[in-house]
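Here's the structure we're looking at; comments come further down.
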Amino acid sequence: MIQTSGVIICLSYILGLLFTAVPGGGVWILVLGIVCAVFFRRGGKSRRLLKKSTTDVAANNLQVTPLARVWLIAGLVGFLASFYLQWRTPQPTTTDISKFVPPDGSNQEQLVIVRGEVASSPRLTRSQRGQFWLEVSQLNEVRNQKDTEGTQQGATGKLYVTVPILKATGLHPGQEVAVTGVLYKPKAAANPGAFDFRKYLEREGTFAGLMGRQINILDEERGWGWWQIRDKIVRSQVMGLDIPEGPLVSAMVLGSRAVDLPYDIRDMFVQAGLAHALAASGFQTSLILSVILQLTRRAKKVTQVSLGTLALIVFLSLTGFAPAVLRAVIMGFAALIGLALDRKVKQLGSLLLAATILLLFNPLWIWDLGFEFSFLATLGLVVSVPAITSGLSWVPPAIASLIAVPLAATIWTLPVQLYVFGVVPAYSLLLNIITTPLISVISIGGIISAIFTLILPEAGSFVAGFLHYPTDWLIQLVEYFSKLPGNAVVLGTISTWQLLSIYALILLVWLLGWWQKRWWFAGLIAVGLVLFPAWHSASTLLRITVLEAGAEPVMVVQDRGTVTLINSGDEGTGRFTIVPFLQQQGVNQIDWAIATDFQNNNNDAWLEVLQRLQIKNFYTYATNKENSLADQAIPQVLQQQKGIYQVLAVGQTINVGSTVAQLINEQPIVQLQVFGLSWLLVGDVEPKEVERIMKAGGWSSPQVLWCNAESLKDLVTALKPQVAIASSGNVDSNVLSELSSIPTKVFVTGQDGAVQWTPNGAFESFTQVSESKSSVL
């Protein structure tokens with residue numbers, strides 16, 4: 001068992017990594033270590049204090065009283081951990097492939113041929129392209145269409161490659177390939193709540209992407225690799241179950257990272273709160289070890305440990321070395337060591353040791369959500385399940401266990417979920433209780449099918465066929481719960497202080513007897529810490545946000561709890577831009593929606609928004625176009641949600657809350673009055689025509705102008721607004737230099753990200769706010 005000094009040092013190292021996200025970083029851990037060293041300067045005093053302030057379980061885990069020097073060492077370890085994280089953070093080398101990406105603002109597309117070794121099996125992206133990682137060895141610049149070789153340069157690094165799906169068919173890890181395409185730098189999140197592609201790639205040690213067009217395979221030999229066994233298992237189970245049941249069973253056995261699971265199934269499980277079912281980790285590891293030890297219970301311990309070790313290594317290799325799986329496998333090895341030494345392994349100690357080992361190997365995993373959820377869920381199972389089960393002594397033990405396991409995991413993971421996503425799956429706990437038997441049956445059957453596949457693929461398919469009904473029932477259950485009203489409660493993302501406060505309460509309930517008897521009081525405080533700030537923010541917030549959504553002005557007006565959404569952008573904008581932003585803000589419904597359809601995108605994004613959020617009042621302007629399928633579907637969806645759908649004539653004024661809108665003409669030109677500010681949204685219209693229309697209508701110059709990047713200079717010169725916002729696009733640096741000499745404040749959403757206005761009268765860009773926060777940290 002890990003001694004007290006080891007526990008303290010391990011915890012200080014983990015806290016040192018976590019505290020890199022707050023100002024001061026590891027300095028706080030060093031100060032804490034010094035304070036504790038002074039407080040526990042005498043061993044006897046510290047033991048008496050520990051016995052008085054901890055439960056029996058915690059006291060049993062703390063056998064050796066920490067000395068002052070242990071606390072000092074722990075503080076120093078936590079302090080150095082922050083520097084270790086910075087040292088291990090990947091940085092591009094001088095020959096990294098990212099150094100050859102053309103600079104921003106370059107209008108000329110540079111075609112290149114990148115050679116290297118395929119580092120992963122291809123996967124299907126949401127945009128229906130094949131994606132894989134490439135270890136780069138050489139770069140050729142193609143100077144013209146006939147130049148197939150170009151200038152050769154030595155290059156290194158890891159590249160994120162996407163190609164047409166048919167081009168990626170048949171690729172496998174270890175192949176030497178040459179990919180022709182265009183290099184690009186990944187973009188950071190341009191909107192609040194949006195996915196940060198740049199940060200994601202940086203954590204993978206990648207600083208550039210390649211939009212591939214053609215692939216030439218240089219090495220046709222099919223070397224052996226774990227991917228072959230993995231593909232064999234997936235093909236066998238798909239053959240026995242078809243799609244989507246086959247990939248789902250494979251994902252539950254091997255993990256969704258190792259299996260190309262359809263996105264609709266993945267999203268449905270995540271939305272319903274069953275994402276853990278798709279992540280191979282502790283459950284599968286425990287299941288494998290239990291089966292091995294049960295089958296070899298009459299064999300010698302050497303045989304049991306050897307077979308268990310071999311099974312864990314094979315399982316780890318097949319799942320692709322994900323952090324959550326590594327954590328589970330290390331704890332599995334600890335159990336095998338305990339078996340070999342005839343010693344009982346403390347699960348809490350082995351969990352802490354596993355986390356420390358993994359974070360020493362790769363400290364960046366401290367920010368990996370899979371690692372965080374796996375560690376916290378396992379911690380909940382270890383420390384909270386016994387207490388919850390004893391509290392449910394009035395129900396049968398089997399049912400008590402079904403309730404205790406998901407409840408304990410939820411208690412420990414929910415704060416992080418709120419911190420990152422701001423959404424709570426309303427029926428997650430109930431669904432977990434109902435589906436646990438199905439998940440167990442499918443996982444066991446999937447593992448048996450995989451074993452048979454290694455012997456005879458046809459036998460594996462035959463065994464997988466017996467899982468058809470359980471898998472189908474599971475999918476139907478998840479689909480039913482994900483479509484129930486209020487299936488996701490949007491509370492908005494919580495702050496760091498709220499996160500730390502909630503976990504402090506959870507720790508108090510775990511460690512102190514006084515709080516254990518009053519767990520309900522701690523729960524009420526935790527709920528209040530989430531709900532009261534969310535209610536206060538929603539009831540007092542006044543803000544206008546212009547989202548970075550390509551060539552269409554997508555605006556969100558928040559007025560003390562009521563929300564107005566103007567325009568929705570093209571396909572994908574609803575799912576990846578609007579919905580994440582509104583979820584971060586804690587918005588559960590849209591009170592008013594106004595569609596002007598700037599880019600003739602057929603209103604596809606409105607349907608994406610309606611899938612996740614209710615719209616009470618929807619207004620659209622009739623512009624003499626053929627109604628698309630999306631235009632026809634929107635009224636039907638609104639009718640199901642009991643919302644109002646109204647078509648407005650061009651020129652008709654609409655008053656919705658604090659917003660007054662009018663579509664001046666079909667080009668389109670939209671005039672807005674929001675919180676006393678006059679806005680003019682200009683589509684693909686000649687600047688002279690805009691000036692003529694403004695004069696003919698007797699309208700004064702707007703205070704805020706939105707237009708496309710090409711018209712920015714002329715419109716700003718003609719209308720002289722206080723603020724001008726240009727859509728995503730390349731604005732010439734000379735143009736920006738000329739505009740800097742006039743009072744108009746200019747934003748370009750492609751560079752500045754979302755632009756927000758608050759009652760203090762200031763306009764701020766999302767990138768400016770993000771940079772100021774990161775500079776503080």
Do any N or O atoms from the side chain of Ser120 and from the backbone of Trp133 form a donor-acceptor pair under 3.5 angstrom? yes
Would you mind listing every side-chain hydrogen bond (donor to acceptor under 3.5 Å, both in side chains) that reaches into residues 310-337, with sequence neighbours excluded? Arg327-Ser374, Arg327-Thr378
Using the test salt bridge (charged side-chain N to carboxylate O under 4.0 Å, His left out), find all partners of Asp196 that sit at least two apart in sequence or belong to another chain. none
Pairs satisfying side-chain hydrogen bond (donor to acceptor under 3.5 Å, both in side chains), at least one member in residues 396-412, at least two apart: Ser384-Trp412
Minimum side-chain heavy-atom gap Ile447-Phe315 below 4.5 Å: no
Quick check: do Ile494 and Ile502 have side-chain heavy atoms less than 4.5 Å from each other? yes
Measure the spacing between CG of Leu326 and OG1 of Thr285 and express it to the nearest 0.5 Å. 10.0 Å
How close do Ser250 and Gln237 get, heavy atom to heavy atom, and via which atoms? OG-OE1, 2.6 Å
Check: Thr20 side chain, Leu17 main-chain N or O, donor-acceptor pair, under 3.5 Å: yes
Side-chain heavy-atom pair Leu353, Ile330 within 4.5 angstrom cut-off: no
Would the number of heavy atoms belonging to other residues, nucleotides or ligands and lying under 6.0 Å from CH2 of Trp515 be above 12? yes
Check Leu529 against Ser501 and note the closest heavy-atom contact, atom names and distance. CD1-CB, 3.7 Å
Any non-hydrogen side-chain atom of Phe421 less than 4.5 Å from a side-chain atom of Leu369? yes
To the nearest 0.5 angstrom, please state how far the CG atom of Leu80 sits from the CG atom of Leu30. 8.5 Å
Pairwise distance CG(Leu341) to CG(Leu336) - rounded to 0.5 angstrom: 11.0 Å
Given the rule in the side-chain contact (heavy atoms from CB on, under 4.5 Å) test, do Leu307 and Leu295 qualify, once you have shown the distances and angles that lead to the verdict? CA-CA 10 Å; Leu307 291 177; Leu295 293 176; over 6 Å; no
State, to 0.1 Å, how close Leu381 and Pro386 come at their nearest heavy-atom pair, and which atoms those are. O-CD, 4.0 Å
Atom CD of Glu202 with >12 non-hydrogen neighbours under 6.0 angstrom: yes
Verify the neighbour count for atom OH of Tyr480: are there more than 12 heavy atoms of other residues, nucleotides or ligands below 6.0 Å? no
Atom pair OG1 (Thr435) and CD1 (Ile475), whose distance is rounded to the nearest 0.5 Å: 12.5 Å
Side-chain donor-acceptor pair under 3.5 Å between Ser428 and Asn432, yes or no? yes
I want to check something: taking the side chain as every heavy atom from C-beta on, are Gln498 and Tyr419 in contact at a cut-off of under 4.5 Å? no
Answer yes or no: is there a side-chain heavy-atom contact under 4.5 Å between Leu358 and Phe375? no
Less than 4.5 Å apart, side chain to side chain, heavy atoms only: is that true for Ile442 and Leu248? no
Which heavy atom in Arg230 sits nearest to a heavy atom in Ser121, and how many Å separate them? NH1-OG, 4.4 Å
Among residues two or more places apart or on two chains, list those pairs meeting salt bridge (charged side-chain N to carboxylate O under 4.0 Å, His left out) that have a residue in residues 362-389. Arg257-Asp368
For the student: nearest non-hydrogen atoms of Ile439 and Met252, plus distance: CG2-CE, 3.7 Å
Measuring from atom OG of Ser443 to atom CD1 of Ile288, what distance do you get when rounded to the nearest 0.5 angstrom? 10.0 Å
Taking only residues two or more places apart in sequence or in another chain, which ones pass ring-ring contact (aromatic ring centres under 6.0 Å, His included) with Tyr503? none
Report yes or no: does Thr309 contribute a side-chain atom to a donor-acceptor pair with the main-chain N or O of Val305 at less than 3.5 Å? yes
Mind listing the closest non-hydrogen atom pair of Trp367 and Leu85 along with its distance? NE1-CD2, 4.0 Å
Count the heavy atoms of every other residue, nucleotide or ligand shown that sit under 6.0 Å from CZ of Phe452, and state whether that count exceeds 12. no
By ring-ring contact (aromatic ring centres under 6.0 Å, His included), which residues pair with Tyr427, not counting sequence neighbours? none
Do the side chains of Thr436 and Val405 get nearer than 4.5 Å, heavy atoms only? no
Looking only at atom types and distance, does a side-chain atom of Arg203 sit under 3.5 Å from a main-chain N or O of Tyr200, one as donor and one as acceptor? no
Determine whether Ile313 and Phe333 satisfy the following criterion, side-chain contact (heavy atoms from CB on, under 4.5 Å), listing intermediate values before the conclusion. CA-CA 10 Å; Ile313 292 174; Phe333 281 134; 4.1 Å; yes
Got a donor-acceptor contact below 3.5 angstrom from the Ser306 side chain to the Thr303 backbone? no
Above 12 or not: heavy atoms from other molecules or residues under 6.0 Å from OH of Tyr263? yes
What do the steps show when you test Ile14 against Leu18 for side-chain contact (heavy atoms from CB on, under 4.5 Å), and what is the final call? CA-CA 6 Å; Ile14 296 174; Leu18 285 172; 4.3 Å; yes
Trp514 CH2: over 12 foreign heavy atoms closer than 6.0 Å: yes
Between the CG atom in Leu500 and the CZ atom in Phe19, the distance rounded to the nearest 0.5 Å is 6.5 Å
Can any side-chain N or O of Gln583 pair as donor or acceptor with the backbone N or O of Gly422 at less than 3.5 Å? no
Give the intermediate values and the outcome of side-chain contact (heavy atoms from CB on, under 4.5 Å) for residues Phe481 and Asn487. CA-CA 7 Å; Phe481 276 88; Asn487 64 86; over 6 Å; no
